[in-house]
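Atoms considered below: every heavy atom in the structure, side chains included; atoms not considered: hydrogens, waters and symmetry mates. Every number for a ligand or one of its atoms is a count from 1 in the order of the listing.
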Amino acid sequence: MINNSPIIHKIQGYISYIYLAEYSEKILLLDSGCANDARVIANFCKNILKRPITDIKLLAVTHAHPDHAGGAARLRTKYNIPVAAHRDIDLWYANLTGFIQHKIDCFLAQFVRFRIHKKFKPVLYSRFLIPDYELADGDKLPGFEDWCAFHIPGHTLHDLALYNTQLGTLYSGDCIIHLKGKLNLPLPSLFLSKMKKTYKKLSRLTINNILPAHGEKIVDEELKDVFDRMIYKTEKPRNETNKLIHLLFIFTPQVWKRHFRHIKSWIQH
Ligand SMILES: [Zn+2]
């Protein structure tokens, strides 16, 4: 390790990739995967890193979805790992409609699991994260000052991207999907104008590589215009199927309250 820069490890989680930043004296966990991934992370530490899982001194959660925040409660309860997330994360699944959205999202996680031919494992988890550290845009991660959290709304209103200033590595969470060499917007992309601003903001960083939660690492040639290509995608009109699919995600209070008056025109555009 040069200048105590971390070594980044990638774990194939139940649905998403999970990343670990390993230092000589500590480990940072970037998202927790699904509820059933807590055991996968523990096994990775034990069998691959040959280190106790308690060396993980912080779990940074990018957003509340089941494949990112699902394992957090278990990791905190079982191994005492503190959790950092955006300060508004627990607004996402608040109230009765948030409860409904949470159940829909867990069901959709199982649907994705079925589509990628994985065996059934439970993904249910507490819908409230209650972070030990509440983060705002530009905050450094507690105990990991070489990592900066950027607020990147678009997929949800509380998404974070995590940027290592030494390596120029951006863990982009769900704001970029990069499967089979193709860039895509995440599903849902509920706030397209915010998403566009997010990409413009990230494009100003000095980035050597991007680690998406879904898909392959983005490096070299693809880095040059990645954000321009994502911005272009936010400007394309939604097709009918995409509009219908987005109706599955409108139960979150922060979504339906925002769109209540305009929901008809929102569906039509
Ligand atoms: Zn997500």
Side-chain angles (χ1 to χ4, degrees), residues 10-19 29-37 59-73 83-86 88-94 98-116 118 123-129 131 135 149-162 170-179 182-192 194-196 198-199 202 210-216 218 230 233-234 238 242 245-255 258:
K10 179 164 118 178
I11 303 175
Q12 173 67 71
Y14 193 49
I15 290 174
S16 59
Y17 286 118
I18 301 159
Y19 295 93
L29 179 59
L30 307 176
D31 273 336
S32 63
C34 291
N36 61 64
D37 283 325
L59 159 60
V61 171
T62 59
H63 63 292
H65 282 154
D67 50 337
H68 294 262
V83 178
H86 190 271
D88 290 342
I89 192 167
D90 284 336
L91 298 178
W92 195 247
Y93 290 134
F99 172 84
I100 293 167
Q101 187 65 61
H102 180 251
K103 298 300 167 285
I104 291 172
D105 289 352
C106 289
F107 172 80
L108 291 172
Q110 288 294 358
F111 178 72
V112 172
R113 180 276 305 171
F114 176 76
R115 290 286 303 271
I116 57 176
K118 292 222 173 162
V123 298
L124 269 183
Y125 65 110
S126 166
R127 71 188 204 273
F128 296 118
L129 186 70
L135 300 173
F150 290 111
H151 184 211
I152 54 157
H155 177 51
T156 70
L157 283 181
H158 60 267
D159 272 58
L160 294 177
L162 304 166
L170 181 76
Y171 171 54
S172 54
D174 269 2
C175 84
I176 299 172
I177 308 296
H178 185 231
L179 292 166
K182 284 189 175 173
L183 292 171
N184 271 309
L185 292 170
L187 193 65
S189 294
L190 292 159
F191 310 95
L192 285 174
K194 287 184 184 298
M195 192 69 114
K196 192 173 175 178
T198 279
Y199 295 135
L202 294 177
I210 298 175
L211 310 174
H214 301 276
E216 306 88 25
I218 302 169
M230 294 308 295
K233 286 177 185 293
T234 65
R238 297 180 195 276
N242 191 282
I245 291 171
H246 271 80
L247 291 177
L248 288 169
F249 299 98
I250 60 172
F251 297 91
T252 302
Q254 286 181 308
V255 176
R258 199 178 189 93

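- As for Asp174, its N/O/S atom nearest the Zn ion (ligand 1) is the one called OD2.
- At a threshold of 4.5 Å between non-hydrogen side-chain atoms, the residues Thr234 and Ser189 do not count as touching.
- Here Asp67 fails the criterion, with no N, O or S atom under 2.8 Å of the Zn ion (ligand 1).
- Among the backbone and side-chain atoms of His155, an N, O or S atom lies under 2.8 Å from the Zn ion (ligand 1).
- The NE2 atom of His63 and the ND1 atom of His65 meet at the Zn ion (ligand 1) at an angle of about 90°, given to 10°.
- In terms of modelled atom types and a separation under 3.5 Å, the side chain of Asp31 and the main chain of Thr62 share a donor-acceptor contact.
- A distance of 10.5 Å separates CZ in Arg127 from OH in Tyr93, rounded to the nearest 0.5 Å.
- Remark: side-chain polar atoms of His65 are not paired, donor with acceptor, to backbone N or O of Asp67 under 3.5 angstrom.
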